[in-house]
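Each ligand, and each atom within it, is numbered from 1 in the order the structure gives. Worth saying up front: this structure is predicted, and the values here are computed from it rather than measured.
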Amino acid sequence: MLIELKALCRTYHSRDKGNCVEALKNVNLSVEQGEYLSITGASGSGKSTLMNILGLLDTPDSGSYCFDGNDITQLTDKEISRIRNQSIGFVFQSFNLIPSLTTLENVALPLEYRGVSRTARAEKAKKALELVGLSSRLFHKPSELSGGQQQRVAIARAIASRPPLILADEPCGNLDSKSGGEIMDMLKTLNQSGHTVILITHDSKAARQADRMIRVEDGRVSDYGTA
Ligand SMILES: Nc1ncnc2c1ncn2[C@@H]1O[C@H](COP(=O)(O)OP(=O)(O)OP(=O)(O)O)[C@@H](O)[C@H]1O
Ligand SMILES: [Mg+2]
């Protein structure tokens with residue numbers, strides 16, 4: 001099992017004690033290596049909170065999270081960062097590219113954090129950009145690319161180090177339906193080539209592309225069916 005959450009809770013505490021938000025309530029969830037899982041749910045239901053915890057960007061208040069055999073609640077921040085850097089690629093709705101860097105530099109940057117040598121970085125980044133069809137845009141800045149192209153750069157960045165898990169939070173939210181469809185095809189292809197993919201989406205058609213769908217409702221997770 002790649003991911004195992006048990007009785008997991010996450011509450012956002014505010015200074016005003018009456019205003020705590022129980023964003024995740026007693027969540028149990030398992031994801032197998034190589035699976036394609038989609039997560040749907042209304043705005044504010046807790047999807048991004050769940051994704052942040054799955055992606056090791058946030059920690060639960062209670063319950064357990066086992067990632068690839070590691071009990072996350074027992075690890076130091078440094079150990080958690082190392083696992084995140086090595087094992088997880090992120091794709092967000094707002095592409096989160098660095099405006100002053102070129103396409104190639106944006107994709108190569110996380111590899112630098114992983115200690116990959118300069119020449120190997122350029123090679124891996126070029127290969128990832130080739131996979132998303134952007135070999136002809138290596139030296140463009142994000143502002144010189146279309147939205148769909150920027151999201152393809154973000155996907156290349158997520159996959160350049162071949163992380164076992166890809167987490168995508170509304171990756172098509174800012175795209176027209178044609179570019180969105182291309183991104184969805186890419187996620188499917190990545191899954192077929194062995195990556196575990198977790199997709200958060202409002203779009204029920206996109207969600208059905210996954211092997212398994214879960215739904216978040218007011219902080220609770222329920223199984224929603226298999227494709
Ligand atoms: N940093 C925070 N501090 C306090 N409350 C928060 C914080 N982040 C989220 N929340 C609250 O937690 C709940 C879940 O938010 P979350 O962002 O996980 O929803 P979501 O399902 O991703 O919604 P959307 O579809 O709009 O992105 C919401 O009620 C939200 O207001
Ligand atoms: Mg969200």
Side-chain angles (χ1 to χ4, degrees), residues 3-31 35-67 72-73 77 80-81 84 88-97 147-148 150-155 157-158 163 165-177 179-181 183-184 186-187 190 196-225:
I3 283 173
E4 206 154 27
L5 305 185
K6 282 190 188 143
L8 186 136
C9 299
R10 175 70 172 99
T11 300
Y12 293 111
H13 299 276
S14 67
R15 256 162 297 173
D16 168 11
K17 275 222 155 60
N19 257 331
C20 291
V21 177
E22 287 183 77
L24 294 175
K25 300 165 187 163
N26 192 32
V27 170
N28 296 295
L29 175 66
S30 301
V31 183
E35 211 177 347
Y36 188 165
L37 178 78
S38 69
I39 302 177
T40 55
S43 177
S45 58
K47 303 181 299 295
S48 294
T49 304
L50 178 58
M51 154 119 169
N52 288 341
I53 287 178
L54 291 173
L56 305 178
L57 296 166
D58 186 19
T59 45
D61 297 299
S62 62
S64 66
Y65 179 12
C66 195
F67 180 85
I72 295 306
T73 54
D77 285 352
I80 291 175
S81 303
R84 183 178 57 237
I88 307 177
F90 293 91
V91 184
F92 299 98
Q93 174 171 1
S94 53
F95 324 121
N96 290 5
L97 301 175
Q150 290 181 54
Q151 193 58 301
R152 277 147 64 195
V153 176
I155 289 186
R157 180 181 56 185
L165 174 63
I166 294 174
L167 282 178
D169 192 352
E170 294 285 358
C172 309
N174 281 325
L175 302 177
D176 62 60
S177 59
S179 325
I183 299 299
M184 293 308 302
M186 253 168 232
L187 290 176
L190 287 168
T196 306
V197 176
I198 299 181
L199 167 71
I200 291 179
T201 178
H202 276 105
D203 179 355
S204 55
K205 183 164 162 264
R208 282 195 290 276
Q209 180 174 298
D211 304 323
R212 185 157 69 96
M213 299 182 275
I214 61 167
R215 191 209 269 288
V216 186
E217 269 168 308
D218 193 21
R220 292 178 198 282
V221 167
S222 53
D223 262 312
Y224 193 49

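Partner M51 forms a side-chain contact (heavy atoms from CB on, under 4.5 Å) with one of I39, L199, I200 and no other, that one being I200.
No more than 12 heavy atoms of other residues, nucleotides or ligands sit less than 6.0 Å from atom CG of D218.
Closer than 4.0 angstrom to ligand 1 sit non-hydrogen atoms from Y12, V21, A23, A42, S43, G44, S45, G46, K47, S48, T49, H202.
Between the CG atom of L54 and the OH atom of Y65 there is a distance of 5.0 Å, given to the nearest 0.5 Å.
Using a distance-only test at 3.5 Å, with no hydrogens or angles considered, no donor-acceptor pair links the side chain of Q151 to the main chain of C172.
R84 is listed as a side-chain neighbour of F90, based on a closest heavy-atom distance under 4.5 Å. Looking at N96 and R157, their side chains come closer than 4.5 Å, going by heavy atoms from C-beta outward.
Among the atoms of T49, no N, O or S atom falls under 2.8 Å of the Mg ion (ligand 2).
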